[in-house]
Visitor: 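Just dropping this structure here.
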Amino acid sequence: MKINRNDPCTCGSGKKYKKCCGKENANELNANLIRQELNTVQNQIMQFSVDRFSSELQILMADFQAEMEDVEDLKETLTNLYLSWVMIYSPIKEEKTALQWYVEKNGNKLKRQKTRDLLSTWGENPPSVFKVGEPVSSEVTTVTDVFTNETYSVLFEEDSTPDEDSLVLGLPILTGDYYEFFLVTFIVQPQLEDKFMSEVDVETFKANPEALKESFPEVIKLTAGLYNTVDASERISWQDEKQKEVLDLFLKSEVMKEITEEEEETATFFWYLYCKRQEPTIRKPEIYAGALEYTLRSHLNEWTPISQKDAAAQYGTSGTSISAKYRDMTTALSDVIDEAHETLQEAAQ
């Protein structure tokens, strides 16, 4: 049944709907519209920066990405985090940031004054490292700046809320009643948290949190450096322990003990990508470990081939099971296998 604005409110308050629950609904709707508009603005700032300051960004990004070569699996996320910092905090032309240029050129085109007001606050809070606290709701979680102890209520996208007590790197921006992290959030692996906090310049940033507006890239680079001290398999956030168990079985097998670090990273990436694409339900890790080894040995020339029978015997399973998972892996990762073959062919010419 449709409720007219001047009808008595259905909650029984005796007030008109427009003065009671209807007002609350309208406020909530308006807040959502503003948040959606500001989410669009985030992407527009990115596109504006790329279109307007392409040459400046290329120089900055080339220098940064050169330092990310040893953390290939994290390179994209850390680069995007650095790019976010550049756009919000780093003057890129005539002592203005890309954000300031965007506001100057496009700010007045935004329909709502509230949206423009919130946008004008972006960049006031420094980027930082945050400790994730208790959830406020299914989408909102408290985080505390580890340097200032300031607490923020942060809105995360569905299914992307970091675990409680984890450390995250991000750029807080106000989007209404809550904050969000501009474009990207980086979660520090749990096994690196203590080492990270022992090496970051806590005392300097506690004394002068604003220094992070200039020094945040050094925090990002510190993060990358720490990840270089951890095996590739430990850097990955596996969807469940069975996935990691498969890789451990594979890497600890007698035949695989002599592989190089580069070959180990190749195997780790191959298995991680398969898990990400297929989300396998793993009941017997030995089958997947055998299929992984057989697949890699069948398609990478630098690896000595092995028969399905030998792979099955090595992991205590059947050749039929190995064959079934091998077909699944080669189908799911056909593009990766084809690219590997093309690389080998070019090297042979």
Side-chain angles (χ1 to χ4, degrees), residues 35-36 38-46 49 61 64-65 68 71-90 98-99 118-119 121-193 196-197 200 205 209 212-213 215-227 230 235-239 276:
R35 191 177 301 117
Q36 290 171 13
L38 287 170
N39 284 336
T40 300
V41 166
Q42 291 185 54
N43 293 320
Q44 288 177 347
I45 292 172
M46 168 76 82
S49 302
M61 300 310 294
F64 180 83
Q65 287 180 316
M68 297 293 113
V71 284
E72 191 63 36
D73 49 329
L74 303 175
K75 182 177 180 180
E76 181 178 354
T77 304
L78 292 177
T79 299
N80 286 337
L81 186 61
Y82 174 74
L83 177 58
S84 298
W85 170 83
V86 168
M87 292 186 291
I88 301 299
Y89 299 102
S90 180
L99 169 63
L118 289 168
L119 178 60
T121 68
W122 290 11
E124 290 181 359
N125 298 92
S128 194
V129 182
F130 301 88
K131 188 79 167 179
V132 179
E134 296 182 355
V136 176
S137 67
S138 60
E139 294 181 333
V140 178
T141 297
T142 58
V143 302
T144 302
D145 189 314
V146 299
F147 306 118
T148 66
N149 288 324
E150 184 176 355
T151 298
Y152 299 78
S153 293
V154 177
L155 183 68
F156 290 96
E157 292 184 9
E158 189 176 359
D159 299 326
S160 67
T161 303
D163 293 335
E164 188 174 345
D165 292 328
S166 59
L167 284 180
V168 300
L169 278 62
L171 289 59
I173 55 171
L174 193 59
T175 58
D177 293 334
Y178 306 110
Y179 285 84
E180 295 183 35
F181 287 124
F182 184 77
L183 289 179
V184 63
T185 307
F186 182 81
I187 304 173
V188 179
Q189 289 290 338
Q191 64 269 31
L192 291 176
E193 288 179 358
F196 175 85
M197 289 306 299
V200 73
F205 296 136
L212 280 160
K213 291 182 178 180
S215 303
F216 195 62
E218 299 308 314
V219 177
I220 300 174
K221 292 173 186 178
L222 169 63
T223 307
L226 291 178
Y227 274 76
V230 180
R235 294 202 296 262
I236 292 173
S237 297
W238 299 100
Q239 293 171 320
K276 188 175 182 179

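Residue numbers run from 1 in the order of the sequence given. All values below were derived from every heavy atom in this structure, side-chain atoms included, with hydrogens, water molecules and symmetry-related copies excluded.
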Visitor: When you measure from the side chain of T142 to the backbone N and O of E134, does any donor-acceptor pair fall under 3.5 Å?
Guide: yes
Visitor: Can you find a pair of side-chain heavy atoms, one from F182 and one from M87, that are under 4.5 Å apart?
Guide: yes
Visitor: Say whether, by atom type as modelled, one donor and one acceptor occur between the side chain of T79 and the main chain of E76 under 3.5 angstrom.
Guide: no
Visitor: Main chain of G123, side chain of K213: is a donor-acceptor contact present, judged purely on distance under 3.5 Å?
Guide: yes
Visitor: Would you please say whether a donor-acceptor pair under 3.5 Å links the side chains of N39 and Q36?
Guide: no
Visitor: Would L171 and Y89 count as a side chain to side chain contact (heavy atoms under 4.5 Å, CB included) if you check the C-alpha gap in whole Å, the side-chain angles of each, and the deciding distance to 0.1 Å?
Guide: CA-CA 10 Å; L171 289 59; Y89 299 102; 3.6 Å; yes
Visitor: May I ask you to check whether F130 and Y152 place their ring centres under 6.0 Å from each other?
Guide: yes
Visitor: Does Q42 reach the main-chain N or O of L183 with its side chain, forming a donor-acceptor pair under 3.5 Å?
Guide: yes
Visitor: Would you please name every residue forming a salt bridge (Lys or Arg N to Asp or Glu O under 4.0 Å) with E164, sequence neighbours left out?
Guide: none
Visitor: Would a 4.5 Å heavy-atom cut-off, applied to side chains only, mark Y82 and Q65 as touching?
Guide: no
Visitor: Check whether K131 reaches the backbone of L167 with its side chain - one donor and one acceptor, N or O, closer than 3.5 Å.
Guide: no
Visitor: Quick one: does L83's side chain get under 4.5 Å of F64's, heavy atoms only?
Guide: no
Visitor: Should F205 and V129 count as side-chain neighbours, where that means a heavy-atom distance under 4.5 Å?
Guide: no
